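Here the structure is a predicted model, which means the values were calculated and not measured.
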Amino acid sequence: LIDSILQEKMDLNENIIKIKFFEIRVTHNLSEVETFEFIRLARNKLENLGYNVYLTNAKYEYQGKQYTVPENELLVAIK
């Protein structure tokens with residue numbers, strides 16, 4: 001599941017990847033524990049691929065602008 005979701009996101013835009021709460025918890029029907037494990041593993045995989053990873057409420061910069069990862073997003077990764 002992790003590989004397929006990340007590949008789908010990278011195919012859309014390899015420079016920035018956003019994983020939303022609804023997508024993981026509702027669409028893929030993951031429990032709270034499974035969601036935390038998904039995020040932990042996805043973060044590790046993305047960091048190994050050279051991405052900077054930011055979780056909910058973290059601040060980051062993208063294309064010269066400052067952003068905060070919103071409550072409805074679990075993870076933002078920037079290459």
Side-chain angles (χ1 to χ4, degrees):
L1 180 64
I2 293 169
D3 289 336
S4 64
I5 290 174
L6 293 181
Q7 189 59 56
E8 179 181 315
K9 298 287 185 180
M10 284 186 250
D11 289 346
L12 289 173
N13 184 350
E14 69 177 10
N15 295 316
I16 186 166
I17 295 169
K18 296 182 178 184
I19 298 176
K20 298 183 183 297
F21 176 88
F22 183 86
E23 175 182 15
I24 300 304
R25 290 293 299 274
V26 178
T27 305
H28 294 289
N29 198 30
L30 296 184
S31 70
E32 187 173 348
V33 171
E34 291 168 329
T35 299
F36 284 123
E37 185 67 5
F38 177 94
I39 294 304
R40 185 183 72 77
L41 294 171
R43 180 181 192 171
N44 189 35
K45 182 175 279 285
L46 288 164
E47 286 175 342
N48 287 339
L49 291 171
Y51 285 86
N52 292 316
V53 179
Y54 306 91
L55 303 180
T56 305
N57 293 322
K59 296 189 183 315
Y60 66 95
E61 185 176 317
Y62 182 65
Q63 295 182 336
K65 295 182 182 177
Q66 296 291 325
Y67 297 93
T68 300
V69 181
E71 292 289 327
N72 69 330
E73 291 180 357
L74 299 172
L75 178 150
V76 172
I78 299 173
K79 195 159 204 174

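Open room surrounds CD on E32; 12 or fewer heavy atoms of other groups in view lie less than 6.0 Å from it. Within 6.0 Å of OH in Y62 there are more than 12 heavy atoms belonging to other residues, nucleotides or ligands.
Across T56 and P70, no two heavy atoms sit closer than the pair CG2-O, 3.7 Å. Between M10 and I17, the shortest heavy-atom distance links the atoms CG-CD1, 3.5 Å. Residue K18 comes nearest to K9 through the heavy atom pair O-NZ, 3.1 Å, listed as atom of the first residue, atom of the second, then distance. When every heavy atom of E14 is checked against every heavy atom of K79, the shortest pair comes out as O-CB, 3.9 Å.
With values rounded to the nearest 0.5 angstrom, N52 atom CG is found 10.5 Å from R43 atom CZ. Rounding to the nearest 0.5 Å places CG of L74 at 12.5 Å from CZ of F22. Atom CD1 of I2 and atom CD1 of I39 lie 8.5 Å apart (nearest 0.5 Å). To the nearest 0.5 Å, atoms CD1 (I78) and CG (L46) are separated by 11.5 Å. Annotation: the span from E23 atom CD to I5 atom CD1 amounts to 5.5 Å, rounded to 0.5 Å.
Residues satisfying the side chain to side chain donor-acceptor pair (under 3.5 Å) criterion with K59, sequence neighbours excluded, are T68. Y51 is linked by a ring pair (Phe, Tyr, Trp, His ring centres under 6.0 Å) to nothing, counting only residues two or more places apart in sequence or in another chain.
Contact annotation: the side chain of Q63 never approaches that of I16 to less than 4.5 Å [non-hydrogen atoms, C-beta and beyond]. Residues V69 and Y60 form a side-chain contact, since some pair of their non-hydrogen atoms from C-beta on lies under 4.5 Å apart. Proximity of L6 to I19: side-chain heavy atoms (C-beta onward) are separated by under 4.5 Å at one or more points. Within the 4.5 Å cutoff, the side chain of T35 has no heavy atoms near those of the F21 side chain. When side chains are defined from C-beta on, F38 counts as touching L30, because their heavy atoms get closer than 4.5 Å.
No donor-acceptor distance shorter than 3.5 angstrom exists from the side chain of T27 to the backbone of I24, with no hydrogens or angles considered.
One hydrophobic cluster, built from ILVMFWY side chains closer than 4.5 Å, holds both L49 and L41.
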